[in-house]
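One structure is given here, and the rest of the page talks about it.
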Amino acid sequence: LPPIASPPPVDPERVRQQRLATVEELWRNLNEIYPALEYKGITNRSWIEPTLEKVPQARTEGEFYDLLLELVASLKDTHTRILSYPRQPWRETPSVFLNEVEGKVAVIKADPSTGLTTGDVLVAIGGQPVEKCLATALKQVCGSTERARVRGACDRLLRGAPGSTVAVTVESPQKGRREITLRCERKDGFMAEPNLSSRPLDTSVGYVRIAGWGGSDLVADFDRALESFKDCKGLIIDVRGNGGGLDQLADEVNGRLTD
């Protein structure tokens with residue numbers, strides 16, 4: 001067999017120039033197609049200067065990508081983001097759903113195999129205080145509201161290479177403080193839920209969960225839920241984590257609640 005050729009040596013200066021050109025191209029594209037730069041107080045290229053200064057410090061494509069993520073995340077726009085970069089490694093999360101509750105990162109849902117339970121509060125991840133981990137993740141999350149950015153940051157906290165492990169410290173009133181090792185693999189269907197579900201919380205309060213604006217029966221299901229709760233004194237409509245969907249369905253549901 002012929003010998004396998006070694007990859008050509010990397011020219012650091014060429015890589016640096018390519019990355020600088022990428023930042024410049026990002027700036028040009030935003031100037032041409034993004035309608036809200038001035039509204040966000042961005043009137044000149046001084047917005048990209050700090051990123052340009054940090055480019056030489058990026059040792060890997062991943063570190064350079066993180067710089068771009070932080071730059072675009074500063075727009076605080078849910079619909080403007082960098083999705084990926086060439087040869088980006090895949091990341092997976094354990095079967096755990098986290099969110100911030102009363103200022104603490106808490107377990108909202110967890111597969112029983114993880115050893116976590118709803119209500120557990122994260123104290124540390126990989127030996128680092130969870131507050132520090134959350135602050136780091138927040139720098140790279142695109143979102144139009146603070147709540148959306150926190151939710152997105154919580155989703156990133158436990159990510160790792162598929163099959164790898166992450167050590168967490170959690171605590172709860174029932175079980176106290178404990179150390180748990182999680183595997184970065186998501187069980188099929190872990191986060192699956194119907195677009196709409198409902199149930200009475202008690203005899204006087206109805207609860208409707210809308211997980212997404214999709215499905216041909218969503219509005220009819222909402223009407224049936226309203227009818228079943230017509231004698232209740234209160235109604236909770238839960239759209240937390242709703243990823244969006246068809247505006248028409250949202251408008252029809254909203255129309256049931258307004259004149």
Side-chain angles (χ1 to χ4, degrees), residues 3-34 37 40 42 44-94 96 98 105 122-143 148-169 179 181-186:
I4 299 176
S6 299
V10 176
D11 182 350
E13 179 57 23
R14 182 183 178 188
V15 170
R16 186 180 74 88
Q17 292 297 332
Q18 288 175 336
R19 291 173 178 172
L20 290 172
T22 298
V23 179
E24 295 284 359
E25 183 65 17
L26 173 62
W27 170 242
R28 282 193 295 271
N29 277 287
L30 285 172
N31 259 318
E32 291 176 4
I33 64 176
Y34 190 68
L37 282 181
K40 294 179 178 293
I42 301 170
N44 56 58
R45 57 179 289 112
S46 62
W47 178 64
I48 66 169
E49 292 295 341
T51 301
L52 292 171
E53 293 173 2
K54 294 175 183 177
V55 164
Q57 304 168 23
R59 295 165 296 179
T60 65
E61 285 297 291
E63 290 183 4
F64 173 60
Y65 173 61
D66 286 346
L67 291 177
L68 296 183
L69 275 180
E70 291 183 18
L71 180 65
V72 176
S74 70
L75 293 173
K76 297 182 179 179
D77 184 342
T78 298
H79 297 99
T80 304
R81 64 186 66 201
I82 296 173
L83 295 179
S84 63
Y85 63 91
R87 298 176 297 280
Q88 180 180 358
W90 181 254
R91 291 290 183 261
E92 189 59 271
T93 59
V96 180
L98 305 174
V105 177
L122 266 70
V123 177
I125 302 172
Q128 296 292 319
V130 70
E131 294 83 5
K132 180 178 179 180
C133 298
L134 185 65
T136 299
L138 273 169
K139 295 178 182 178
Q140 300 180 354
V141 174
C142 299
R149 291 189 288 274
V150 169
R151 185 173 63 243
C154 287
D155 187 55
R156 300 171 65 91
L157 288 178
L158 303 178
R159 284 185 184 177
S164 64
T165 58
V166 56
V168 299
T169 304
E179 306 290 331
T181 299
L182 302 171
R183 184 169 296 278
C184 295
E185 55 185 16
R186 182 63 62 95

Task: Contact check, side chains of Asp155 and Val141, non-hydrogen atoms, under 4.5 Å - done: no
Task: Arg159 side chain to Thr93 backbone, donor-acceptor under 3.5 Å - done: no
Open item on the list: For the CD atom of Gln140 and the OG atom of Ser74, what is their distance to the nearest 0.5 Å?
Closed with: 12.0 Å
Open item on the list: Minimum heavy-atom separation for Ala153 and Leu134, please, with both atom names.
Closed with: CB-CD1, 3.6 Å
Task: NZ/NE/NH1/NH2 to OD/OE distance under 4.0 Å, Arg81 and Asp77 - done: no
Open item on the list: Could you check whether any side-chain N or O of Arg186 sits under 3.5 Å from a backbone N or O of Pro94, counting only pairs where one atom can act as donor and the other as acceptor?
Closed with: yes
- [ ] For residues Trp47 and Lys40, determine if any side-chain heavy atom of one lies less than 4.5 Å from a side-chain heavy atom of the other.
- [x] no
- [ ] Looking only at non-hydrogen atoms, find the nearest pair between Pro162 and Glu92 and report the distance.
- [x] CA-CB, 4.2 Å
- [ ] List in chain and number order the residues that pass side-chain hydrogen bond (donor to acceptor under 3.5 Å, both in side chains) with Glu25, two or more places apart in sequence or in another chain; answer none if no residue qualifies.
- [x] Arg28, Asn29
TODO: Indicate the atoms forming the closest heavy-atom contact of Ala161 with Cys184, along with that distance.
DONE: O-CB, 3.6 Å
Open item on the list: Looking at every non-hydrogen atom in both residues, tell me the closest pair between Ile82 and Leu69 and how far apart they are.
Closed with: O-CD2, 3.8 Å
- [ ] Could you tell me whether the side chain of Arg149 and the main chain of Gly143 form a donor-acceptor pair under 3.5 Å?
- [x] yes
Task: Student check: side-chain heavy atoms of Val150 and Leu138 closer than 4.5 Å - done: yes
TODO: Taking Arg19 for its side chain and Ala58 for its backbone only, find out whether a donor-acceptor pair lies under 3.5 Å.
DONE: yes
Task: Heavy-atom pair with the smallest gap, counting every atom of Leu158 and Val166 - done: O-CG1, 4.2 Å
- [ ] Keeping to residues at least two apart or across chains, list the salt bridge (charged side-chain N to carboxylate O under 4.0 Å, His left out) pairs with something in residues 131-140.
- [x] none
Open item on the list: Show the nearest heavy-atom pair for residues Leu52 and Glu24, with the distance to one decimal.
Closed with: CD1-OE2, 3.8 Å
Task: OG1 on Thr165 to CZ on Arg183, rounded to 0.5 Å - done: 6.5 Å
TODO: Compare all side-chain heavy atoms of Leu71 with those of Trp27 and state whether any distance is below 4.5 angstrom.
DONE: no
- [ ] Look up atom CD1 in Ile125 and atom CD in Gln128, then write down how far apart they are to the nearest 0.5 Å.
- [x] 10.0 Å
Open item on the list: With rounding to the nearest 0.5 angstrom, report the NZ to CD distance, Lys54 to Glu49.
Closed with: 12.5 Å
TODO: Give me the one residue out of Leu26, Leu20, Val23, Val72 that meets side chain to side chain contact (heavy atoms under 4.5 Å, CB included) with Thr51.
DONE: Val23
